[in-house]
Amino acid sequence: MFIFLSRVIKYGWQNFWRNKWVSCVAIIILTFTLLIFSLIYFSSVFSNQTLTFLKNKIDISVYFKKDTPEEEILKIKESLETLSEVKEVKYISAAQALLSFKEKHKENKTIMAALAELKDNPLKPSLEIKAKDPKYYSEIASSLKNKEFNKYIDKITYFQNKLVIERFIKIINFSKKIGFLCAFILLFIACAVTFNTILLVIYSAREEIATMRLVGASNSFISYPFIFTGAFYGFFASLVAFLFDFLLIQLVSSYVFYFIPSVDLSQFFLDHLLLIFLSLIAGGVFLGSFSSYLATKRYLNV
């Protein structure tokens with residue numbers, strides 16, 4: 001078994017090295033294929049982290065009438081925290097809201113002067129509510145409207161931002177569907193291109209295959225070297241794709257981080273360096289060898 005395996009690996013390497021230009025073409029196509037898959041993967045990571053960032057920025061605020069007792073607001077807060085759809089509820093008193101407003105506009109002399117002239121705090125106490133998923137905001141807002149403590153509520157920002165939140169939810173769902181569809185289409189194209197490239201390699205060795213048949217070589221002895229040749233294509237293509245991925249991530253990471261600080265693709269790549277490398281190697285070797293297997297079986301009737 002060891003002798004048989006060493007021979008087919010040897011012949012597979014000879015096929016790889018003998019057809020240098022065909023090998024280069026195969027590696028280029030496989031590299032391009034792996035880069036496409038890498039881009040889909042990193043686009044998915046970028047989309048998920050971006051969506052998480054945007055989800056964390058979305059909330060609804062419940063503003064209460066100025067004469068609402070604090071204990072009643074805290075009761076409403078406790079009631080909201082019992083809802084399974086709610087992730088977090090934060091109480092902001094009128095005094096805290098005023099301090100935050102002053103801190104935010106401390107450089108604006110006009111606003112600070114206007115606040116100094118006021119005798120009473122113009123801001124109202126509020127609750128900031130974050131849901132576990134943006135789709136739950138409608139239910140949370142409706143539950144607030146239907147409760148008996150609605151008499152204390154002055155305004156719920158969800159109803160002002162309803163259209164924006166609903167559109168955001170639609171964008172999330174649509175982007176996921178488009179991502180899966182693109183991945184499926186590109187997978188089909190990549191397999192078809194790789195299949196035909198390996199077929200070209202087999203065709204270039206048709207005279208050698210005919211000779212091997214005449215001397216009584218077994219089906220496995222004929223087909224296995226081409227499978228290993230395809231595996232070599234995939235292996236070297238994986239190395240090239242990994243290098244391009246590294247350079248590309250380093251190039252675009254700073255721009256992405258500038259617009260969305262919570263998304264650091266460079267750090268993600270470094271944290272998952274070994275996993276990405278092994279995944280590319282496994283994917284390249286599988287794609288090359290499996291396409292060789294299909295091409296051999298289909299067109300050589302081996």
Side-chain angles (χ1 to χ4, degrees), residues 16 23-24 26-58 87-88 130-135 168-169 171-195 197-198 227-293:
F16 173 85
S23 296
C24 288
I27 290 173
I28 290 171
I29 293 174
L30 278 170
T31 299
F32 180 72
T33 300
L34 292 171
L35 284 174
I36 291 174
F37 286 128
S38 298
L39 289 176
I40 293 173
Y41 174 69
F42 288 118
S43 296
S44 176
V45 171
F46 171 75
S47 298
N48 289 335
Q49 293 190 3
T50 302
L51 290 176
T52 300
F53 172 78
L54 294 176
K55 281 182 179 180
N56 291 332
K57 290 295 182 181
I58 293 179
K87 178 182 179 181
E88 180 186 5
K130 286 189 179 294
K132 293 180 179 178
D133 193 281
K135 65 183 180 183
F168 176 69
I169 294 171
I171 290 172
I172 292 174
N173 296 331
F174 181 74
S175 64
K176 288 181 179 178
K177 292 178 181 178
I178 290 297
F180 283 122
L181 179 61
C182 290
F184 177 79
I185 293 173
L186 289 172
L187 176 63
F188 176 80
I189 294 174
C191 288
V193 171
T194 307
F195 178 90
T197 303
I198 299 299
I227 295 175
F228 277 98
T229 301
F232 287 131
Y233 294 154
F235 177 78
F236 287 106
S238 301
L239 298 180
V240 177
F242 179 79
L243 177 61
F244 272 101
D245 281 339
F246 177 78
L247 296 175
L248 181 63
I249 290 298
Q250 297 304 313
L251 180 65
V252 304
S253 181
S254 58
Y255 296 100
V256 172
F257 187 78
Y258 177 79
F259 289 104
I260 307 177
S262 67
V263 180
D264 191 345
L265 289 178
S266 179
Q267 189 60 47
F268 176 85
F269 187 88
L270 294 175
D271 291 341
H272 299 81
L273 187 68
L274 182 60
L275 177 62
I276 293 171
F277 177 75
L278 293 178
S279 297
L280 280 172
I281 294 294
V285 170
F286 173 78
L287 187 59
S289 57
F290 184 68
S291 298
S292 297
Y293 171 79

Legend entry - Side chain proximity check, Leu248 to Phe42, heavy atoms < 4.5 angstrom: no
For residues 271-287, which side-chain N or O atoms pair as donor and acceptor with protein atoms under 3.5 Å away, sequence neighbours left out?
unit_1: Asp271; atom_1: OD1; unit_2: Gln267; atom_2: NE2; d: 2.9
unit_1: His272; atom_1: ND1; unit_2: Phe268; atom_2: O; d: 2.9
unit_1: Ser279; atom_1: OG; unit_2: Leu275; atom_2: O; d: 2.7

Inset, instruction - For atom CZ of Phe269, decide whether the heavy atoms of other residues, nucleotides or ligands shown that lie under 6.0 angstrom number more than 12. - result: yes
Legend entry - CG-OG distance between Leu270 and Ser266, expressed to the nearest 0.5 angstrom: 5.0 Å
Legend entry - Inter-residue atom distance Leu239.CG - Leu34.CG, 0.5 Å rounding: 10.5 Å
Legend entry - Sequence-distant partners of Phe32, ring-ring contact (aromatic ring centres under 6.0 Å, His included), two or more places apart: none
Legend entry - Heavy-atom closest pair, residues Leu30 and Ala237: CB-CB, 3.5 Å
Inset, instruction - Mind listing the closest non-hydrogen atom pair of Leu35 and Phe244 along with its distance? - result: CD2-CB, 3.7 Å
